[in-house]
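Working notes, beginning with the structure itself.
The first residue in the sequence is number 1, and the count goes up from there.
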Amino acid sequence: MGSGQNKKSLGLSAVSGMSWGLLGGAVGKLAASMAQIYAGWVLSMEDFALFAMASSCAAVLSGLVNGGTHRILVQRAQRYDDHSFAVLLLSFLFNLVVMAALTASAAPMARLFDAPALEPMLAVMGLATLVSTPGHVLHAKLIGALKFGAVQGLAMCSHLVRHGSLALFAFLGMGPLSFVLPLLVISVTDTLLAWRVVRRLPPRRPVSMPALLDVLKDSRWVMAGACAGALVQNGDNLAVSMFADKGTLGTYFFAFQLTFAFASLLGGTLQTVAMPMLAGISDNPGRQRQAVERAVGAASLASCGAATLIAVAASPVIHGLWAGKWDAAARAVQILSLAVPAVLVSWIGKSAIEARGGWPAATCLSMAEGAGTVAAAAGGAACGGLLTIAASVAAFKVFAGLAHVAAAARCFGGKVRPSLAPVLSSYAAMLGSLAVGRVIMPESMNPMGVGGVACTALATVAVFVLLSLVLCRFGVCELFGIARQILQRPLKDSRGCTS
């Protein structure tokens, strides 16, 4: 296959993967939204706060989950059969340690936070970690083979099962356990469905100590990065729990989940697609750099548009859905939405660095981001209330996203300023449109009727489109190109089979 054909094939695979990712993200967001709407009615702020505490406690051990080996398996996809059995054994060992540690720490954590419900919650989370082990290895096989259609199909099933069971357990009156019992359910269903697709377990091969050490050599960085990533996702909850009451923690956690649910799903998709695609052209740094720049341009502009709509619609939508119960979270959602674009481009930057084999650099960035997230949340909680926490965390996440893009540019030998230009211009269009919308309808941040929301949204979107055409022509061209390829071709998996 010629280089031109290979470039076209990889480009179409990337577009196909992102098309599946968008579909999976939409399904996951819909399921998560429906579950959160129902849980917001049935469960209390304290229930949300307890789950935030449990997630924060589990985050301390998250770096040990699977030993980070499944990411190494994706990077070494061409040698899957040689490494998969060793990875399976290592994953079982690490996950057994995680389960034992969570079970042993459950009672002390429950006493420390004066929350007896934490004990069974942590025990269930530990058991779910162990049961999910084979599924992670099988998923790595599909990702490494670029079978994005199958991967996203499994992800959609997982989202539907998890959020459907959350609503069911909440209906049955399980309280805070409604959040963790679905983890145990999907640990079983995800593994069974992945085996149904792959149709075979990792081939049994003799495992030598040098082979194990070869895998662990790189996975140690992945483990450290996973631990730091868990702090990025849950460290703010831990910090808030230490400086604020359960009501503030529950409201902040509710707002954070509402804001970043879709961003997390789409960010995971970006990493799933970008990592193996960029690793596949590791012998051509120029192509890698061009692919990263195009992805950053498209993702930053699209996510800024989405964040603009979230900021405009958050207050009236939250008021309408929960009849005033969660109105305190509306302002926090508006503030946190400003960090959504930065979070998405940080996933792209991290994937680009890892695709180059820069595990130490990616890990150091993640550790710095995790520590900064904890510090920002702690500072916000110590100095003020809910809005101060949201503003502090959002500001740091914007800085961290820009840092990831800059580090990726340096990794490829590129210049930092041109790499950051698409992100900064997209932010300028977003902030400009929000400012105009605020001037046109100052009460837009407060609960109002459908007509007022529609008028504000239309005016803000119109200004955003105009500013994007002026300031973000590169991102606009990339989005049009992606849309054209999606419309001209049906969704395909990596083998070209029409789905």
Side-chain angles (χ1 to χ4, degrees), residues 18 21-22 24-26 28-29 32 55 59 62 225-226 228-237 239 252-275 292 295-311 314 332-354 362 365-377 380 389-409 419-420 422-427 429-431 434 475:
M18 283 309 302
L22 290 172
K29 176 59 176 176
S55 300
S62 61
L231 288 178
V232 172
Q233 295 294 324
N234 299 294
D236 50 350
N237 298 323
Y252 172 77
F253 179 74
F254 183 88
F256 190 93
Q257 292 297 309
L258 199 60
T259 306
F260 289 101
F262 184 71
S264 298
L265 293 173
L266 189 55
T269 299
L270 287 171
Q271 192 170 34
T272 298
V273 175
M275 167 66 162
V292 171
V296 168
S300 59
L301 182 58
S303 57
C304 279
T308 300
L309 291 177
I310 293 173
V333 168
Q334 292 169 333
I335 295 171
L336 290 171
S337 66
L338 302 180
V340 169
V343 170
L344 287 180
V345 297
S346 71
W347 283 95
I348 299 175
K350 182 180 179 182
S351 297
I353 296 171
E354 291 178 347
L365 278 173
S366 295
M367 292 175 67
E369 184 179 3
T373 300
V374 174
I389 298 170
S392 180
V393 171
F396 179 78
K397 285 189 176 295
V398 171
F399 171 79
L402 297 176
H404 274 88
V405 175
S419 299
L420 294 178
V423 185
L424 296 177
S425 60
S426 298
Y427 261 103
M430 177 181 69
L431 295 176
L434 288 175

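With values rounded to the nearest 0.5 angstrom, I353 atom CD1 is found 12.0 Å from I348 atom CD1. Separating the CG atom in D236 from the OH atom in Y252 is a distance of 3.5 Å, to the nearest 0.5 Å.
Considering only residues two or more places apart in sequence or on other chains, F253 meets the ring pair (Phe, Tyr, Trp, His ring centres under 6.0 Å) condition with F51. With sequence neighbours excluded, the residues that form a side-chain contact (heavy atoms from CB on, under 4.5 Å) with S419 are E293, V405, A409. For L424, the side-chain contact (heavy atoms from CB on, under 4.5 Å) partners two or more places apart in sequence, or in a different chain, are L402, L420. Residues that satisfy the side-chain contact (heavy atoms from CB on, under 4.5 Å) test with A332, not counting sequence neighbours, are A255, L386, A390. For A403, the side-chain contact (heavy atoms from CB on, under 4.5 Å) test picks out no residue, with sequence neighbours left out.
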Validation: residues 337-344 side-chain donor-acceptor distances under 3.5 Å, sequence neighbours left out:
residue: S337; atom: OG; partner: Q334; partner atom: O; Å: 2.6

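Across S55 and N234, no two heavy atoms sit closer than the pair CB-OD1, 3.5 Å. Nearest heavy-atom pair, V333 versus A314, reported as atom, atom and distance to 0.1 Å: CG1-CB, 3.7 Å.
Pairs engaging residues 389-408 under the side-chain hydrogen bond (donor to acceptor under 3.5 Å, both in side chains) rule: none recorded [sequence neighbours left out]. The list of side-chain hydrogen bond (donor to acceptor under 3.5 Å, both in side chains) pairs with a residue in residues 295-304, not counting sequence neighbours, reads S300-S426.
Between V398 and Y427 the shortest side-chain heavy-atom distance falls below 4.5 Å.
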